[in-house]
Protein chains: 2
Amino acid sequence: MKNFTKYLKTKAQVSEENFELLIKKVTVKKIAKGTVILRPEEVCKFSFFVEKGLLRSYTINTSGKEHILQFGSENWIVADRSSAFFNEPSELFIDAIEDSEVVLIGADFIEQASEISQYFRKYNQIALQNHIRHQQKRINLLLSASAETRYMNFIQLYPDLISRVPQWMIASYLGITPESLSRVRKEMAKKPLK
Amino acid sequence: MKNFTKYLKTKAQVSEENFELLIKKVTVKKIAKGTVILRPEEVCKFSFFVEKGLLRSYTINTSGKEHILQFGSENWIVADRSSAFFNEPSELFIDAIEDSEVVLIGADFIEQASEISQYFRKYNQIALQNHIRHQQKRINLLLSASAETRYMNFIQLYPDLISRVPQWMIASYLGITPESLSRVRKEMAKKPLK
DNA sequence: CCTGGGCATTGATCCATGATAAGAAAGTTT
DNA sequence: AAACTTTCTTATCATGGATCAATGCCCAGG
């Protein structure tokens with residue numbers, strides 16, 4: 001719980017006193033690589049704070065293809081926000097790419113923490129706004145940029161993930177096939193100019 | 001201000017008393033078709049509640065191409081949320097597609113309304129979550145669907161906009177060229193099976 | 001140490017969408 | 001209603017990325 005503690009105390013500026021109170025509301029869980037922890041039709045009862053490891057959220061369309069919406073490594077929160085907030089069935093899968101350790105955060109936790117601490121409420125608000133900003137950038141990129149540009153942007157944004165995530169998943173995140181990504185990389189290797 | 005009043009009183013459930021208080025904080029403005037009301041580098045000081053008419057937000061990339069992020073007709077709020085919330089320079093344009101009438105909502109309005117009314121705070125929260133949900137669907141669609149599918153989805157989602165928005169703007173929203181959209185429509189006309 | 005299953009690469013081919021250009025339609029201005 | 005201007009369509013050609021198939025690679029498990 002080291003990371004989660006830091007998150008609460010430092011980022012969300014929760015006082016020692018409140019911390020003791022809140023920490024009781026969450027549980028830690030080990031998730032083996034490959035384990036699915038949320039699937040379509042289920043309601044997303046928890047947000048998953050990644051203490052250690054790597055999660056992903058994704059959809060599978062009617063023709064069986066996966067499309068990755070988000071990766072979450074240490075200190076990130078992965079969830080189907082809509083499902084959790086509106087208490088409606090999810091359309092997403094969430095599973096573990098690596099053996100992971102996650103902190104389960106229920107809706108009640110968020111509410112209570114927001115009640116208790118103005119800072120937490122504020123921080124939560126910021127997280128939402130960041131999410132929106134991030135999604136907007138991604139939409140804009142998908143609208144305007146080539147596979148190569150999108151890949152370069154990904155490298156910039158998530159340099160650490162490049163080595164941890166299999167290439168075909170990165171392709172899925174970018175909205176291209178693994179074959180295409182392989183070719184893009186080959187091209188990029190030729191003209192090395194940074 | 002009819003729509004905005006209704007929005008505050010009905011949707012955000014603001015009491016008559018608070019309404020009188022809050023309404024003083026906003027101004028109404030007429031925006032002529034084509035007028036740009038936000039451009040990159042500027043900070044988005046206001047969110048624009050569309051009382052009447054039609055706005056759009058979009059980016060222009062280095063090669064001069066527009067990419068539309070959002071349309072907003074009556075009762076929608078258009079803004080660069082990130083810029084407004086974080087008080088940082090925007091990367092978006094916002095302009096009017098039709099002669100419009102908008103209510104200018106400053107950050108102070110949001111704050112004050114949230115202080116005054118729990119309902120408003122809650123409603124604002126819901127709006128944020130809806131925004132995230134909507135963006136997520138769009139990302140998923142961009143990752144997975146063909147031009148035709150995306151267009152059909154657009155029709156479903158915004159049937160009213162089809163007639164109000166020029167076709168090339170819809171193409172821009174979908175991330176394809178106007179020519180492609182024209183082709184897609186032609187194809188769809190052939191096989192009419194609704 | 002072999003073996004089998006996931007992953008990455010490569011080549012061949014196909015296809016949806018882009019680019020360009022030109023005209024037809026529709027809308028606006030004078 | 002004539003003269004523009006903007007939007008939409010159509011046609012041709014070019015291309016990025018998809019699909020299909022084969023091969024090699026790695027490494028985890030027997």
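So that the names make sense, note that chain A is the first sequence line, chain B the second, and so on, each numbered from 1. Note that these values count all heavy atoms, side chains included, but never hydrogens, waters or copies made by symmetry.
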Q: Have a look at L55(A) and tell me which of I97(A), V102(A), D95(A) forms a side chain to side chain contact (heavy atoms under 4.5 Å, CB included) with it.
A: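 Passing option: V102(A).
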Q: Within residues 55-72 of chain B, which residues have any heavy atom lying less than 4.0 Å from an atom of DNA chain D?
A: none
Q: Establish, from distance only, whether the side-chain atoms of Q136(A) and R81(B) form a donor-acceptor pair under 3.5 Å.
A: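 No, R81(B) and Q136(A) have no side-chain donor paired with an acceptor closer than 3.5 Å.
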Q: Given atom CE of M188(A) and atom C1' of dT9(C), what is their separation to the nearest angstrom?
A: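 The answer, rounded to whole Å, is 16 Å.
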Q: Nearest whole Å is fine: how far is dT9(C) C1' from E187(A) CD?
A: 13 Å
Q: Round to the nearest Å and state the distance from L174(A) atom CG to dG16(D) atom P.
A: 17 Å
Q: Which is true for T177(B) with a 4.0 Å heavy-atom rule: it touches a base, it touches only sugar-phosphate, or it touches nothing?
A: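 Since only primed, P, OP1 and OP2 atoms lie under 4.0 Å of T177(B), the category is sugar-phosphate.
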Q: Cation-pi between R138(B) and Y173(B): NZ/CZ under 6.0 Å from ring centre and within 45° of the ring axis?
A: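 Output yes; distance and angle both within limits.
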Q: Is K11(A) close enough and on-axis enough to Y123(A), meaning under 6.0 Å and within 45°, for cation-pi?
A: no
Q: Roughly, in whole Å, what's the span from CD1 in I170(A) to C1' in dC7(C)?
A: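 Result: 13 Å.
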Q: Classify the ring geometry between Y58(B) and F93(B) as parallel (under 30°), tilted (30 to 60°) or perpendicular (over 60°).
A: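 Y58(B) and F93(B): parallel rings.
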Q: Using the rule salt bridge (charged side-chain N to carboxylate O under 4.0 Å, His left out), only one of K30(A), K29(A), K2(A), K52(A) pairs with E101(A); which is it?
A: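 Per the salt bridge (charged side-chain N to carboxylate O under 4.0 Å, His left out) rule, the option paired with E101(A) is K30(A), out of K30(A), K29(A), K2(A), K52(A).
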Q: When you measure from the side-chain N and O atoms of S146(A) to the phosphate of dG16(D), is any distance below 4.0 Å, counting only OP1 and OP2?
A: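 Indeed not, no polar side-chain atom of S146(A) lies that close.
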Q: Is a donor from one side chain sitting under 3.5 angstrom from an acceptor on the other, for R133(B) and N130(B)?
A: yes
Q: Enumerate the protein-to-nucleotides 5-10 of chain D contacts in which both atoms are nitrogen or oxygen and the separation is below 3.5 Å.
A:
unit_1, atom_1, unit_2, atom_2, d
dT7(D), OP1, W168(B), NE1, 3.1
dC8(D), OP1, Q167(B), N, 2.7
dC8(D), OP2, Q167(B), N, 3.0
dC8(D), OP2, W168(B), N, 3.0
dT9(D), OP2, Q167(B), NE2, 2.5
dT9(D), OP2, S182(B), OG, 3.2
dT9(D), O5', S182(B), OG, 3.4

Q: Regarding N61(B) and S144(A), is there a side-chain donor-to-acceptor distance under 3.5 Å anywhere?
A: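 Side chains of N61(B) and S144(A): no pair found under 3.5 Å.
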Q: Which part of the nucleic acid, if any, lies within contact of G175(B), taking any heavy atom under 4.0 Å across all strands shown: a base, the sugar-phosphate backbone alone, or nothing?
A: sugar-phosphate
